[in-house]
Every structure is written in structure tokens, then in C-alpha cells.
Number of protein chains: 2
Amino acid sequence: MTTSEQMGFRALADPTRRNILQLLAHQSLTIAEVADNFDMTRAAVKKHLTVLQDGNLISVQVEGRTRLNALNPDGLQQLLSWFDFFDAFWDTRLNTLKSAIEKDMQ
Amino acid sequence: MTTSEQMGFRALADPTRRNILQLLAHQSLTIAEVADNFDMTRAAVKKHLTVLQDGNLISVQVEGRTRLNALNPDGLQQLLSWFDFFDAFWDTRLNTLKSAIEKDMQ
DNA sequence: TATATATGAAACCGAACGGTATCATGTCAA
DNA sequence: TTGACATGATACCGTTCGGTTTCATATATA
């Protein structure tokens, strides 16, 4: 059972992949463009992008011979929701803040 | 550079460790007690607990010959805060609505 | 068509990972 | 003190991981 959650957390486990996500937050980029930002082979970056895609953290739009990688906020949100399990353990101050936010979103 | 953030995300990458965290959310447990909940050696569970401690996700209180493992909400909270970077990308629906409204007001 | 460009894919390598088995250590209790 | 019990620690093993190198494929473009 390799759940989407598992793939997502695995994807976040590597610092390079977390950096890629922050890169793509600013702008969607092709593989070569992403690779320009790192001191490693394009092939290595491609592997990281595949892992990120498997974790549903990025979406890919093929356009001719290029491949545009975009951040997928939904995937990140799903991982975020895992933390909800621990809601009862956040500290009171934070709980208050959270309540305020949730109330604000109604 | 093995930052606390890196250790934290690495700790979350394994499903067994995430399960241990949820276990400890209900109740602090000794190593043997945690191990009772999994189909693996106590030594293996001990390793997982060490990784969780390195990631600052659990705290350990030694009491005589036993070792009580407790959830550390602060560590989880620190990992949660990593997601704040993407705040501008959350709630696409609301952002879309906001854009629509702004466009409409021009 | 020929060529440069962007990516796909596979083999390979050392290191880290998840797990086991085994033995050592410290502590409680009779 | 002796023995049971909870844990510490280490060696070992197969697999996965992060990375490189190399070559193949597809697509713009001159």
C-alpha cells in the first residue's frame, strides 16, 4: 500500500525537493530551468520532479518538447491535513488563533 | 547541514513513525509498549523512536529502567510552519473569488 | 532535411534505510 | 545477592535512495 500520503511525505523528506517546491511557488518552470537552480545533473533533478509528481505535489503540463512543472497546492494541502490529527495538542494560544481563523472562513 | 527541519521531515517519511506519533498522541508509552503495537522487533521500534527524537517530534523521560516516550507538539508545530511559505497558494477557491471581485471592481 | 534542443530512460555506484539477531548494561524485587 | 526485566548497542543484510553517465527519442528550426 503506497498511499498518496506516503508518497507525499516521502517527497518532502529530501531538502532538494522542498527547495524545488519553493522555487515552483514563484513560477512554473521546465526541467532545465529547475535544474539551473541546483548544483546537480538535469537527470537528478528530473528524478526529484518525478518523485514530487508521484507525491502529487506538482502538476506537469507537456507543451511540445518542453515540460512545464507547476506547484500543486492541493497536494500540499492534503499533507497539511495530516497534522489535523494532533489538533488537540497544539497549545492554547495557537488553538485560539486557529479557532479565529476557522470562524473567519465561515 | 542536518537541520532540525530536515530531521523532522525525514522522521515523517516513514509510515511506522507517523503511526507511532498518533499512538503517542493518545498516551505516552515505554518502548516495549510502543513495540506491542507493531509487527516488528523492539529493536526496530527503538530505532524509529530514536529517529523521532532526533527530529524533535517526541520527548523522552527516563524513569528508572523504563523510558517514557511522549509526543512533542512543538516539533510538529515547527514542521507545520514550513508550509506557511505557501500561504499565498492556499485556498485557490477564495483567491479566485478575490481576483474575480477585484477584476469586477475595475 | 539536417541539426540543435528538451526530455526520457536505463545501467551503475556508494550511502543510507528498515529490519533482524545477538549480546551487554542497568535496575527493580525477592 | 541473585535473577528477571527494560533498555542500549552493535554487527549484519537486502533494499531503496540520491546521484552520475550514457544513449535514445521527440520536436523546433534553419
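Sequence lines set the chain letters: A, B, ... in the order given, protein chains first and strands last, and positions in each chain run from 1.
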Next item on the list: Remember a base hit wins even if backbone is also touched, and classify A:Ala43 as base, sugar-phosphate or nothing at under 4.0 Å, heavy atoms.
Entry: base
Margin query: Would the distance check show the side chain of B:Asn72 and the main-chain N or O of B:Asn56 forming a donor-acceptor pair, the cut-off being under 3.5 Å?
Written below: yes
Item checked: Length of the CD-P vector between B:Gln6 and C:dA16, whole Å -> 13 Å
Check: For residues 8-31 of chain B, which residues have at least one heavy atom under 4.0 Å from DNA chain C?
Finding: B:Arg10, B:Asp14, B:Arg17
Check: Which nucleotide in the set D:dT7, C:dG19, C:dT7 lies at the smallest distance from any side-chain heavy atom of B:Arg67?
Finding: D:dT7
Check: Heavy atoms under 4.0 Å, any strand shown: does B:Ala44 hit a base, just sugar-phosphate, or nothing?
Finding: base
Next item on the list: Treat primed atoms plus P, OP1 and OP2 as sugar-phosphate and everything else as base, then score nucleotides 23-30 of chain D 5' to 3': B for base contact with protein heavy atoms under 4.0 Å, S for sugar-phosphate contact only, - for none.
Entry: ----BS--
Item checked: Touch class at under 4.0 angstrom, heavy-atom based, for B:Thr41 against every strand present -> sugar-phosphate
Note to self: Would you say that A:Val34 contacts A:Ile31 through its side chain, given a criterion of any heavy-atom pair below 4.5 Å between the two side chains?
What the structure shows: no
Check: On DNA chain C, nearest-nucleotide positions of A:Ala32 versus B:Met40: which is more 5'?
Finding: A:Ala32
Next item on the list: Give a yes/no on whether any side-chain N or O of B:His48 is located under 4.0 angstrom from OP1 or OP2 of C:dG19.
Entry: yes
Next item on the list: Mind checking B:Lys47 for me? I need base, sugar-phosphate or nothing, with any heavy atom below 4.0 Å counting as a touch.
Entry: base
